[in-house]
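What follows is a short report on a single structure.
Only this structure's heavy atoms are used, side chains among them; waters, hydrogens and symmetry mates stay out.
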Amino acid sequence: MIEKHDLAFWLSVGGATVVKLLTSPYAGFIRALATVVAAVFSAYFFTSPAMAALGLDPETYTTAMAAIMALTGEGVMRFVVGMSNDPAKLLDWVRAWRGGK
């Protein structure tokens, strides 16, 4: 499955993961490992769907989008899990996003 992406994809994911680790507060080995797993998972599984949703040309944007997914994936996952644990928060967020509150 790793063969699906080229070297540039994996270099951008690796670089973004290193930046994420260096800019995150150190919270131990397990937290760092979870951050790396979340970054790689996000880049691998969400790069293509995000580009399709945004209508971006894969030839041009795959490498950059992979880095963005690696940098933001953990935060988005944490946000989604937090919202699923508190449905009232989710409803408030949806209302605010739609312009009401």
Side-chain angles (χ1 to χ4, degrees):
M1 270 181 96
I2 289 178
E3 301 85 29
K4 174 182 173 184
H5 297 291
D6 63 3
L7 181 61
F9 175 92
W10 291 113
L11 287 174
S12 70
V13 170
T17 302
V18 168
V19 168
K20 179 138 182 75
L21 285 172
L22 291 175
T23 59
S24 297
Y26 182 73
F29 177 76
I30 298 298
R31 177 74 184 237
L33 182 61
T35 296
V36 170
V37 169
V40 172
F41 177 88
S42 298
Y44 188 82
F45 287 103
F46 299 128
T47 297
S48 294
M51 288 189 313
L54 296 171
L56 298 175
D57 175 33
E59 283 280 319
T60 305
Y61 295 105
T62 298
T63 303
M65 184 60 78
I68 291 169
M69 290 291 113
L71 284 170
T72 61
E74 180 191 19
V76 171
M77 285 185 219
R78 197 176 314 124
F79 176 79
V80 169
V81 169
M83 289 295 146
S84 67
N85 288 334
D86 188 354
K89 248 190 218 181
L90 176 61
L91 290 174
D92 289 343
W93 186 83
V94 169
R95 283 187 199 115
W97 184 57
R98 295 175 110 190
K101 185 85 177 176

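In this structure, S12 contributes its side chain and F9 its backbone to a donor-acceptor pair below 3.5 Å.
With sequence neighbours left out, the side chain to side chain contact (heavy atoms under 4.5 Å, CB included) criterion links L56 to M51, L54, Y61, M65. In terms of the side chain to side chain contact (heavy atoms under 4.5 Å, CB included) criterion, residue partners of V80 (sequence neighbours excluded) are, by chain and number, V76. Scored by the side chain to side chain contact (heavy atoms under 4.5 Å, CB included) test, A32 finds L21 as partners (sequence neighbours excluded). Residues meeting the side chain to side chain donor-acceptor pair (under 3.5 Å) test with S84, sequence neighbours left out: none.
When hydrophobic clusters are built by joining Ile, Leu, Val, Met, Phe, Trp and Tyr residues whose side-chain heavy atoms come closer than 4.5 Å, directly or via intermediates, Y44 is not grouped with V37. Criterion: ILVMFWY side-chain heavy atoms under 4.5 Å apart, direct or through other members. Under it, F45 and V40 are part of a common hydrophobic cluster.
Using a 4.0 Å cut-off between charged side-chain N and carboxylate O, D92 and R95 make a salt bridge.
Of all heavy-atom pairs spanning A67 and A16, the tightest one is O-CB, 3.5 Å. Taking both residues in full, the closest heavy atoms of A43 and V13 are given as CB-CG2, 3.4 Å, listed atom of the first, atom of the second, then distance. Closest of all the heavy-atom pairs between A70 and A39 is O-CB, 3.5 Å.
Expressed to the nearest 0.5 Å, how far OG1 of T63 lies from CG of D6 amounts to 5.5 Å. Atoms OG1 and CD, from T62 and E59 in turn, are 7.5 Å apart once rounded to the nearest 0.5 Å.
V81 belongs to no hydrophobic cluster, as no Ile, Leu, Val, Met, Phe, Trp or Tyr side chain comes under 4.5 Å of its own. Taking Ile, Leu, Val, Met, Phe, Trp and Tyr as members and joining any whose side-chain heavy atoms lie under 4.5 Å apart, directly or through other members, the hydrophobic cluster of V19 also contains L71.
In this structure, the side chains of D86 and L90 stay at 4.5 Å or more apart for every pair of heavy atoms. The shortest distance between side-chain heavy atoms of E74 and S42 does not fall below 4.5 Å.
Ring-plane geometry between F46 and F41 is classed as perpendicular, the angle between the planes exceeding 60 degrees on a 0 to 90 degree scale with a lower cut at 30.
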